[in-house]
Amino acid sequence: MIRFGIDLGGTKIEIVALAAGGRELLRRRVATPHEDYGGILGAIAMLVRDTEAELGESGTVGIGTPGSISRATGLLRGSNSISLNGKPIKADLEGLLGREVRVSNDANCFALSEACDGAGKDSETVFGAILGTGVGGGIVVRGNVLVGPNAIAGEWGHNPLPWPTDDERPGAQCFCGHTGCIETFLSGPGLERDYFSATGKRLTSIDIEAGAVSGDAGCEQAMRRYEARLARALAHMINILDPDTIVLGGGMSNMQRLYAAVPVLWAAWVFSDRVDTALVRNVHGDSSGVRGAAWLWPDAV
Ligand SMILES: [Zn+2]
């Protein structure tokens, strides 16, 4: 059985076909029809049909997209593609494709991809933490995404930064309406704002890390504050979930120094005499979303 994974984003729709074991058979992408719900459905259906025709085999279909499907209503919410919000995308695609379709949040697909055949392979519980322009996450237990009645399992970005110091309170205003959210500290823009408020200078997060490597004191201090905050935020997750492996994704996950520094720092906050949790960089990079969508059918054979 082939698994098709589809990453439905605001600018592109990508499909991947995975053979058993995760080998990639084919990958295609098209531009996302702009704010045209019917057009988006049609583009997805055509990608699946064309891929099946090319491979001469049918398969399961999983879709990863921003936002989540409400268990209560079956409607998508929180998508950055506004035309998808409030629409029964799962039911409509099932009608078009004549089979069950599984839809999950793109952060869940990231965690699932890494848990199935990526950096969290062979771990019972994986927390996939995305540190990019925003902060999100997903949880996979024994190869299955943990969803929850509110479809928000793993969404740690809008919890408050734990164990805040006096100068971290109340923290920056977040778009969600609260202040001091983890996202306001640990996103790329969060690091950049922190560096600016300490130095009065504007640098990208990539330049801040590079500056630290070349010995710039302001950059180094910003990176150390970032690492200390990430350690506290992840320790808080470890105390609740106790995952075997934490896989980092998003642009900030490319900062190699995090993997050595943060596990040293989090020991002070984890309620245990030793911490055996692994902190690792993702394996599949930008492909995690589309591959994880395919793995929404973990047991298909
Ligand atoms: Zn928030």
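Just so you know, these numbers use all the heavy atoms, side chains as well, and skip hydrogens, waters and symmetry mates. Please read all numbers here as calculations on a predicted model, not as lab measurements.
Under the rule for a salt bridge (charged side-chain N to carboxylate O under 4.0 Å, His left out), Asp286 has no partner lying at least two apart in sequence or in another chain. In this view, Arg232 and Glu168 satisfy the salt bridge (charged side-chain N to carboxylate O under 4.0 Å, His left out) rule, not counting sequence neighbours. The salt bridge (charged side-chain N to carboxylate O under 4.0 Å, His left out) test applied to Asp106 returns no partner, not counting sequence neighbours. In this view, Asp92 satisfies the salt bridge (charged side-chain N to carboxylate O under 4.0 Å, His left out) rule with no residue, not counting sequence neighbours. Here His236 pairs with nothing under the ring-ring contact (aromatic ring centres under 6.0 Å, His included) rule; sequence neighbours left out. Residues satisfying the side-chain contact (heavy atoms from CB on, under 4.5 Å) test with Ile69, not counting sequence neighbours, are Leu76, Ile89, Lys90, Val103. Under the side-chain contact (heavy atoms from CB on, under 4.5 Å) criterion, Asp242 pairs with Ile238, Thr277, sequence neighbours left out. A search for ring-ring contact (aromatic ring centres under 6.0 Å, His included) contacts involving Phe175 returns His158, not counting sequence neighbours.
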Legend entry - Audit row: Ser83, Asp36, side chain to side chain donor-acceptor pair (under 3.5 Å) steps and yes/no: CA-CA 6 Å; Ser83 70; Asp36 171 8; over 6 Å; no

Check: residues 43-53 side-chain donor-acceptor pairs under 3.5 Å, at least two apart:
unit_1 : atom_1 : unit_2 : atom_2 : d
Arg49  : NH2    : Leu96  : O      : 2.9
Thr51  : OG1    : Leu47  : O      : 2.5
Glu52  : OE1    : Arg99  : NH2    : 3.3
Glu52  : OE2    : Gly59  : N      : 3.3
Glu52  : OE2    : Arg99  : NH1    : 2.7
Glu52  : OE2    : Arg99  : NH2    : 3.3

Exercise answer: donor-acceptor pairs, residues 19-28 side-chain atoms, under 3.5 Å, sequence neighbours excluded:
unit_1 : atom_1 : unit_2 : atom_2 : d
Glu24  : OE1    : Arg27  : NE     : 3.0
Glu24  : OE1    : Arg27  : NH2    : 3.2
Glu24  : OE2    : Arg27  : NH2    : 2.7
Glu24  : OE2    : Arg291 : NH1    : 3.2
Arg27  : NH1    : Glu14  : OE2    : 3.0
Arg27  : NH1    : Ser287 : OG     : 3.4
Arg27  : NH2    : Ser287 : OG     : 3.0
Arg28  : NH2    : Glu54  : OE1    : 3.2
Arg28  : NH2    : Glu54  : OE2    : 2.5

Scan the side chains in residues 127-140 for donor-acceptor partners under 3.5 Å anywhere in the protein, sequence neighbours excluded, and list what turns up.
none

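A donor and an acceptor atom, one from each side chain of Glu35 and Ser81, are nowhere located under 3.5 Å apart. Between the side chains of Arg71 and Asn150, no donor N or O sits under 3.5 Å from an acceptor N or O. Asn105 and Thr65 are not linked by any side-chain donor-acceptor pair at a separation below 3.5 angstrom, with hydrogens and angles left out of the test.
Contact check for Phe185 versus Leu191: no side-chain heavy atoms found under the 4.5 Å cut-off. Side-chain contact between Tyr37 and Leu84 is present, with heavy atoms from C-beta onward closer than 4.5 Å. Between Val126 and Pro243, every side-chain heavy-atom pair lies at or beyond the 4.5 Å cut-off. Within the 4.5 Å cutoff, the side chain of Thr245 has heavy atoms near those of the Val280 side chain.
The closest donor-acceptor contact from the side chain of Lys12 to the backbone of Leu8 lies at 3.5 Å or more, if one exists at all.
Figure legend: Arg202 and Phe196 shown as a cation-pi pair, the cationic atom lying under 6.0 angstrom from the six-membered ring centre and within 45 degrees of its axis.
Arg102 CZ to Cys109 SG: the interatomic distance, rounded to the nearest 0.5 Å, is 12.0 Å.
Shortest non-hydrogen contact noted between Val283 and Gly118 is CG2-C, 3.9 Å.
Around the CZ atom of Arg257, the shell of radius 6.0 Å holds more than 12 heavy atoms that belong to other residues, nucleotides or ligands.
Cluster partners of Ile206: none. The rule joins Ile, Leu, Val, Met, Phe, Trp and Tyr whenever side-chain heavy atoms lie under 4.5 Å apart, and it links nothing here.
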